[in-house]
Structures are given as structure tokens and as C-alpha cells.
Number of protein chains: 2
Amino acid sequence: MDTLETRELRYFVTVAEELHFSRAADRLGIAQPPLSRAIQQLERRLGVTLLDRNRRGVSLTAAGQVLLDEARVLLDGAAAAARRTQRAAAGSGRLTLVTKAGAGHELLQTLLDAHAGPIDVVLCRMGEQARMLRDGRADVALMQRPFDALAGFDTEDLLTEQQVAILPAAHPLAARRTLSMADIRDVPGLPLARWPGPDGSYEPGPGPEVHEQSQLAQLIALGHTMAVLCASSRSWLWSAHAAVPLTDAWDVTTVLAWPAHSRNPAVADLVRTASTTFTA
Amino acid sequence: MDTLETRELRYFVTVAEELHFSRAADRLGIAQPPLSRAIQQLERRLGVTLLDRNRRGVSLTAAGQVLLDEARVLLDGAAAAARRTQRAAAGSGRLTLVTKAGAGHELLQTLLDAHAGPIDVVLCRMGEQARMLRDGRADVALMQRPFDALAGFDTEDLLTEQQVAILPAAHPLAARRTLSMADIRDVPGLPLARWPGPDGSYEPGPGPEVHEQSQLAQLIALGHTMAVLCASSRSWLWSAHAAVPLTDAWDVTTVLAWPAHSRNPAVADLVRTASTTFTA
DNA sequence: CGCTGTCATACCGTGGCGGTATCACCGGAG
DNA sequence: CTCCGGTGATACCGCCACGGTATGACAGCG
């Protein structure tokens, strides 16, 4: 009675996105009638109306919206499963770790030194780690709580640290011993840089949009922006930068993250190594 | 090049479980030759050898083991998606919350009072919540950290409490004001009750195996066992029971949990209600 | 009242799935 | 060594289901 076929899910997602059978069929590379039939068959099998075909267009029912969300997750999962299987066949026993370029450099070094097996390290842009874990291109990631979206992952805490404000060295605030969040909010001519959110888009605001550490470093050195980062970011500062501790910012915990259902023995091994290395 | 069909995954999982094509075909209700062909086709499509067909049986390659894990998750996910869609169509806007029978009774009452919409409450046996969330029979669950396996779920902390030892009132230890874990480990004639683990099996040990609060209550009243539970369990104690605070046991946090990718608006609503109710 | 654009229906051909029969291969019993 | 039982692979065939084309039903619109 159930058994959703991935072909049907692919078809349904496309129709739900286009809200138009002909365009969806076009995107799928098939004709419209078989698509209509496939959706009808899916609805009949589930015993649920997924789409309202009114005059003036197609719209999702509540159940259709639920299935759309579920189907997207399933299709992504299927693609990820294929990739993970292929990676497992190719690099037997190798592990791919993904981290933001420049973040937690010493920590990563320590981790790699402590771990016995071979690890491929992939550096990615901010917030890309989750996607790479989810789509099967990586096995584990270094991520930061509370910044990164950790939903759907298992995690092991590695290191908790305070945050610091990174400023142009020439700016008056750079001389302070400590700062509070209130001090750095709305500094004239020195807006906070903006990172992409979980969906890759930016919140509106006055600061420049950045997605790489090097971008940020340059913009700060030029005196165009400032940023709030964890204390270990000091390792990549330039002489034109200054780091001032923040007294009232949230602590940042760097965590090792992996897909919740992963039973990859190499991942388990790395996690064990990490937990003994960093809790001791 | 990818696009794993669920039919193929179903076939592969069965073969991987049986490690025997004919038996697997039998379980699937098809003949052996089409099954062999389907697996070959899957291997060709992925470009990966999933099974070693040696004389003396079939065995999984490393890549095959990876795909087996992934495929199980995907198939479970597909079944869950179907159920969630059907539930969404049937009880429009209703929410199903699952909790252990007897656990966190007052907390649940408070939550239900605070929430506006209709909620179906399902009581289940210990550790069943995760399964019901995963397979789509429930939308949200009350679970306890660190007892329950929360991997793959999003959670919102509701209440943290100390643990207490629940003893037969007649036992000498019941007179104590407080106890430590050392005091109650290896008490002659009063072993700790054992719960099922995440996989439903029991660790070996001297105490009786229990999976329901009522079972436990009776066994304690009879003087056959004792248990360590969170402080709010006091609400269901009998007169034949005594609760003694434990000084050095882990705190227990009751959390609201839901599938990580859920975008069910009713769930989001309940979570918002819960977080304002319990953090204020 | 046609014209256009939508999704549904009718019908048809083909490819893929599943079935049966058989092969190739190996281990074990004699 | 030979035969037998049992394995998975191969060969071949029939049928269903998927996809294509043609057309229908129906609403909006000039």
C-alpha cells in the first residue's frame, strides 16, 4: 500500500515546484500525459489528494506540502546514498573531513595528528559543511555551535571558546582591553560583516556580505568592516588587525559532526579519538 | 548516473540481509533470476561491486555495507513519508505527541494547557518514541536526555531535574535523606531494574527487565528491585514506595523532539509555545 | 463564439520486469 | 573420479506499465 517509488517522488516534486504539469513534464523530459497519470497513480496509491487542480492553476494541498518536504529529503538522501557508496568503493577506509577555510586551524591540526587513519581534508565556504555532509560528499565536518545548523547530525563537542571582535588595528576601539556587544553594535563607519544564513541568503543590514575568511580579513584590514569570531581566529590575523575579547557574547563550541545514522567505522574511530583527545 | 530506485534498494536490502539470492527472492515474492539481474543492474549503474559472490556464499563488500545502512534509512524514510502524508490528509492540523507512559505527567499537562491546537497524545513503552517519530506515526515526542537516543532529531529543552532512587518503602535505605550512586549499586537482594537499550535489547545484569512504568512500580512495591528515575516520577509513587534524592547522579533533561527536517507548522507552533512556557 | 491554454482521457508501441528453463561451477558423498 | 545437490548467472519469452501522440473537456478572454 505504500512503497513510494523514487521516480514518482521526482515527478511529484517537480510538479509541486512548477505548479504546472506541462512545464514540469518539460523539465522532466517527458510528455505531460504520462506525468498526469503518474501523479494520479501516486494519489490513488496513498489514498490522498496531493494537488488541487482548480481552474486558474494547480496548488498544493496540506498533505501535498507534507509530501513535498518529505520527498525532497528522500531524494537528497538517495543521491547522498549513491555518492557515499561510490566513495566507499573508491577510497577504501579513507575519510573526508570538511571544515570552513581558516576556522579552528590548530584544533584541526591536533585532531589530524591524533588520528591514525588517512583523512582527506576539504575546505569549504561558510555554511557549506552541512550540505556536504548531507549530500554524501563528506563523512565528518567541523562545525560551530550555535552558528551552524546541526539538525540531523550527531555531534561531539571539542572545544568551547569566547568570542573576540576583530577590528582594524587603527580603529580607536582596537585599543580597548575588552568590549561588549553594545559597544560594537552600530559603530559609525564600521558595520558588522554579514555571513550567509543556513539557506545561503543574507540578512539585510549595512555590513558587507562575506563568505570566506580571506574576504573578511581584507575588508577588516581596509577598515571597511569588523566581525565577531571565536578566539582561535587570532591565528590568522594580520598585523593590520586587532582582536579584543567580548565580555557578553555567546561562547562558541567547535564540534565534530556526522550524519546521524552513520555507522561508518572510520567515523566512529575518529570520533573516539577526538573525544579522548579533547576531553582529556 | 545515480537515481536509486526504491525497488532496487528493497531488493538489495533483502539480499544483503539473507546473503542468499534464492531465499531473498523467496522473501520478496519473485523468482531468483530477476533478482540477480536487478542487483547486477544496480551495481552497474553505481559502478560499484556491492556483493562478493564467492563459492560458499555471498558476502557484502565495504561499499555494500555502506549502501545497506543508507538503504535501510531511505526505505524507512519512504515508509514514514507515506504515513506522514496520509496523517496530514486525515487529521488536518492535528498533532500527534508521543511520550512514555507515566513520564513527565505534570509537564505534559502544562504543555497541553498552554497549546491552543488539538493534540492526540499517544503513550508508548520506553524507547518507543524514537521509532514512532522516525516511522511517521507521531509528529513530536517527549524524550529524556541522556537516556533516549536523540540522533537525527531536533530538540527543545523543557525541564532539567535531579534523579531520585525509587525504593521499597520498607527497605533500610529508604530512611536515608540522600543517597549516592555508590550506595545503591550492588545492594544485596535489591538489584537495579534494567530498561531496554535503543535497539530494544537488554544489557545483562541481575535486575529484572522492565519496559513499562506500571511493571516497575509493582516490582519495586514487591521489594524485588529499585530504580533511578527523574524527580518528577514522584507523582506516580505508591505508598509502598520511597523516593530518595541522589547526590551524584546525572541530571535528566526532558526535551521536546521532532524529526530534524520537519517543517510541519503545527509542530513549529507547539515548539514555540513550549519554549516560551518553560523558559519563562 | 472561437481561440488559447490547461489538465484529463484514449489509444498504441516498446522496453523493462518477471517467469521458466537451463547453464556453469563448486563442494561433498560414494 | 563421478555423480548429485545447490548456488548464482544466462537465455529466452510474455506481459504489463511507462511513455508518446492525438484528442477531449473546460475555463478565461478578446
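Quick note on labels: first sequence line is chain A, next is B, and so on, each numbered from 1.
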Exercise for the section: For A/Gln41, enumerate each residue passing the side chain to side chain donor-acceptor pair (under 3.5 Å) test, keeping only those at least two apart in sequence or located in another chain. Expected result: none
Practice task
List in chain and number order the residues that pass side chain to side chain donor-acceptor pair (under 3.5 Å) with A/Arg137, two or more places apart in sequence or in another chain; answer none if no residue qualifies.
Solution key: A/Asp135
Exercise for the section: Identify, with sequence neighbours excluded, every residue that meets salt bridge (Lys or Arg N to Asp or Glu O under 4.0 Å) alongside A/Glu18. Expected result: A/Arg23, A/Arg27
Exercise for the section: Output yes when at least one side-chain N/O atom of B/Ser36 is less than 4.0 Å from OP1 or OP2 of D/dA9, else no. Expected result: yes
Exercise for the section: State which of C/dG18, C/dC7, D/dG20 makes the closest approach to the side chain of B/Tyr11. Expected result: C/dG18
Rounded to whole Å, please give me the gap between [atom1] in [X] and [atom2] in [N].
{"X": "A/Asn54", "N": "D/dA25", "atom1": "CG", "atom2": "P", "answer": "21 Å"}
{"X": "B/Glu8", "N": "C/dC17", "atom1": "CD", "atom2": "C1'", "answer": "12 Å"}
{"X": "B/Leu35", "N": "D/dA9", "atom1": "CG", "atom2": "C1'", "answer": "12 Å"}
{"X": "A/Arg7", "N": "C/dG15", "atom1": "CZ", "atom2": "P", "answer": "17 Å"}
{"X": "A/Leu50", "N": "C/dC7", "atom1": "CG", "atom2": "P", "answer": "16 Å"}
{"X": "B/Ile39", "N": "D/dT7", "atom1": "CD1", "atom2": "P", "answer": "17 Å"}
{"X": "A/Gln32", "N": "D/dT23", "atom1": "CD", "atom2": "P", "answer": "15 Å"}
{"X": "A/Asp52", "N": "C/dT6", "atom1": "CG", "atom2": "P", "answer": "18 Å"}

Completion exercise
Between A/Pro208 and A/Pro191 the two heavy atoms that sit nearest each other are CD-CG, 4.5 Å
Please list each protein N or O that sits under 3.5 Å from an N or O in nucleotides 11-13 of chain D, with the distance.
none

Problem - Electrostatic pair B/Asp139-B/Arg87, nearest N-O below 4.0 angstrom - result: yes
Exercise for the section: Output yes when B/Arg53 and B/Glu43 qualify as a salt bridge under the 4.0 Å nitrogen-oxygen rule, no when they do not. Expected result: yes
Handout entry: A/Glu5-B/Thr6 side chain donor-acceptor pair, cut-off 3.5 Å
Key = yes
Exercise for the section: Return yes if the base of D/dA9 and the side-chain atoms of B/Gln40 contain a donor-acceptor N/O pair under 3.5 Å, otherwise no. Expected result: no
Exercise for the section: Answer yes or no: is there a side-chain heavy-atom contact under 4.5 Å between A/Val13 and A/Leu67? Expected result: no
Exercise for the section: For B/Gln41, report the nucleic acid contact type (base, sugar-phosphate, nothing); a contact means any heavy atom under 4.0 Å. Expected result: sugar-phosphate
Exercise for the section: Please work out which residues in residues 20-30 of chain B have a non-hydrogen atom less than 4.0 Å from an atom of DNA chain C and list them by number. Expected result: B/Gly29, B/Ile30
Under 3.5 Å, which donor-acceptor pairs link side chains of residues 258-268 of chain A to any protein atom two or more places apart or in another chain?
residue	atom	partner	partner atom	Å
A/Ser262	OG	A/Asn264	N	3.3
A/Arg263	NH2	B/Asp69	OD1	2.8
A/Asn264	OD1	A/Ala266	N	2.8

